[in-house]
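Values in this document were obtained by computation on a predicted structure and should not be read as measured data.
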Protein chains: 2
Amino acid sequence: MKLDEAKNKYIQTWGSLATSWGINKTMAQVHALLLVSTKPLSAEDIMDALQISRGNVNMNVRALIDWGIVRKEFVVGERKEFFVADKDIWELFKQITKERKKREIEPVLKVLEDLQKVDDDSDEAKDFKKVLGDLSKVTTTVNTILDKAIKADEHWLLSNFTKMVKK
Amino acid sequence: MKLDEAKNKYIQTWGSLATSWGINKTMAQVHALLLVSTKPLSAEDIMDALQISRGNVNMNVRALIDWGIVRKEFVVGERKEFFVADKDIWELFKQITKERKKREIEPVLKVLEDLQKVDDDSDEAKDFKKVLGDLSKVTTTVNTILDKAIKADEHWLLSNFTKMVKK
DNA sequence: CTAAACTTTCAATAATTATTGAAATATAAA
DNA sequence: TTTATATTTCAATAATTATTGAAAGTTTAG
């Protein structure tokens, strides 16, 4: 397989995975493109490579910067902005996790907690609270793991998980 | 807060979370409804409660059954089918994880592996392979954890993760 | 300042994904 | 059987989400 072909396939694969995880396809493709590129790319480079509009590039690149997984880079003698993706996949994992945790897990925990305040002590209410409690427990556990993973140093995930799995 | 109000809010919250995780909103709502219901529900009960069409109920209930998190139940003296969700949230977590792993993570690992076969030994190709390698490493690790979690007994996740986090 | 180079915004439009509902199919009671 | 009841399918349609592209906004050089 040729290198360009492989890069292309990678960009497509990553894009389709992203879709099923609720991430915009183009955002994932832009990220993948930057990840496999050896040099910083301009908005036009991205437009060309992925055949998408200027506005779309702008929106998605900004989202990636928001997520902290892409940054601007300046090239000497050039006026326009260039973008690069951090090549450290661990950092990527951490940032994405952090983002989702904040946007999705924490608000749900908040709601689950609120819902415990049902002022009713029928058996049905008790059953409901039991389900909520279980749900909170699993969600909290997952949240704690993610928290720890985010705060941990680069090798925490690999070393601890490996140890744990071998057990 | 009244019990019904709480149940309703829970169903809505779960539905909106699902959306951002690439799961169909209605599917999540149907599941939530069955989860908080004390008795088995018929297709009509679900149609009524969520104000959705018969076809929609059928599609989503079937998907939930496919995922192994909802099952049919027969009620004496009734001809129609009734549905119940397993109240065990750990089981739910396991099933969902298993499903996603099979449908999404494994195919990606396969592609990443394939892409390593680039017949080029330029520096650029080496960099690309390095990125792919890192990506595979993180993906494999996550996959292994999930595998272990799926196979483990009910308390594995909580006990091990807690131990690990305390470390 | 003014003009050129570049970036951002956002209403219009396209693409995708979910939902409906009625017809077709299946199943069970009479 | 036949009839009534229940389930499934799927083309049409609605709802949602992503993308375009041109106009407005910014920034920098001269």
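- Checked against side-chain hydrogen bond (donor to acceptor under 3.5 Å, both in side chains), Asp86(A) has no partners two or more places apart in sequence or in another chain.
- Other members of a hydrophobic cluster containing Val84(B) are absent, since no ILVMFWY side chain comes under 4.5 Å of it, directly or through relayed contacts.
- Every residue meeting the side-chain contact (heavy atoms from CB on, under 4.5 Å) condition with Glu104(B), not counting sequence neighbours, appears here in chain and number order: Leu17(A), Ser20(A), Trp21(A), Arg100(B).
- Under a hydrophobic-cluster definition in which Ile, Leu, Val, Met, Phe, Trp and Tyr are linked whenever side-chain heavy atoms come within less than 4.5 Å, directly or via other members, Trp14(A) and Met1(A) are assigned to the same cluster.
- Checking side-chain atoms of Thr140(A) against main-chain N and O of Ser136(A) turns up a donor-acceptor pair under 3.5 Å.
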Pairs: protein N or O with nucleotides 24-30 of chain C N or O, under 3.5 Å:
unit_1, atom_1, unit_2, atom_2, d
dT27(C), O2, Arg79(B), NH2, 3.2

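- A distance of 7.5 Å separates CG in Leu92(B) from CG in Leu135(A), rounded to the nearest 0.5 Å.
- If one axis is set at each end of the helix from dC1(C)-dG30(D) to dA30(C)-dT1(D) from five pairs, those axes are 10° apart, to 10°.
- Atom NZ of Lys80(B) is separated from atom C1' of dA4(D) by 13 Å (rounded to the nearest Å).
- The side chain to side chain donor-acceptor pair (under 3.5 Å) pairs that include a residue from residues 22-33 of chain A are Gln12(A)-Gln29(A), where partners are two or more places apart or lie in different chains.
- Legend: residues meeting side-chain hydrogen bond (donor to acceptor under 3.5 Å, both in side chains) with Thr38(B), ordered by chain and number and at least two apart, are absent.
- Put simply, CD on Glu81(A) is 15 Å from P on dT26(D), counting in whole angstrom units.
- Separation of atoms CG (Asp88(B)) and CD (Gln95(B)) is listed at 10.5 Å; rounding is to 0.5 Å.
- For Asn58(A), the side-chain hydrogen bond (donor to acceptor under 3.5 Å, both in side chains) partners two or more places apart in sequence, or in a different chain, are Arg62(A).
- Grouping Ile, Leu, Val, Met, Phe, Trp and Tyr by side-chain contacts under 4.5 Å, direct or through others, puts Phe82(B) with Val75(B).
- Of the residues in residues 39-62 of chain A, Gln51(A), Ile52(A), Ser53(A), Gly55(A), Asn56(A) come within less than 4.0 Å of DNA chain D through at least one heavy atom, sorted by number.
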I'd like to know whether Glu91(B) forms a salt bridge (charged side-chain N to carboxylate O under 4.0 Å, His left out) with Lys94(B), so could you lay out the CA-CA distance, the side-chain angles of the two residues, the decisive distance to 0.1 Å, and finally the verdict. CA-CA 5 Å; Glu91(B) 194 60 34; Lys94(B) 257 170 46 178; 3.7 Å; yes

Distances under 3.5 Å between nitrogen or oxygen atoms of protein and nucleotides 13-17 of chain C:
none

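- Under the side-chain hydrogen bond (donor to acceptor under 3.5 Å, both in side chains) criterion, Lys130(B) pairs with Asp134(B), sequence neighbours left out.
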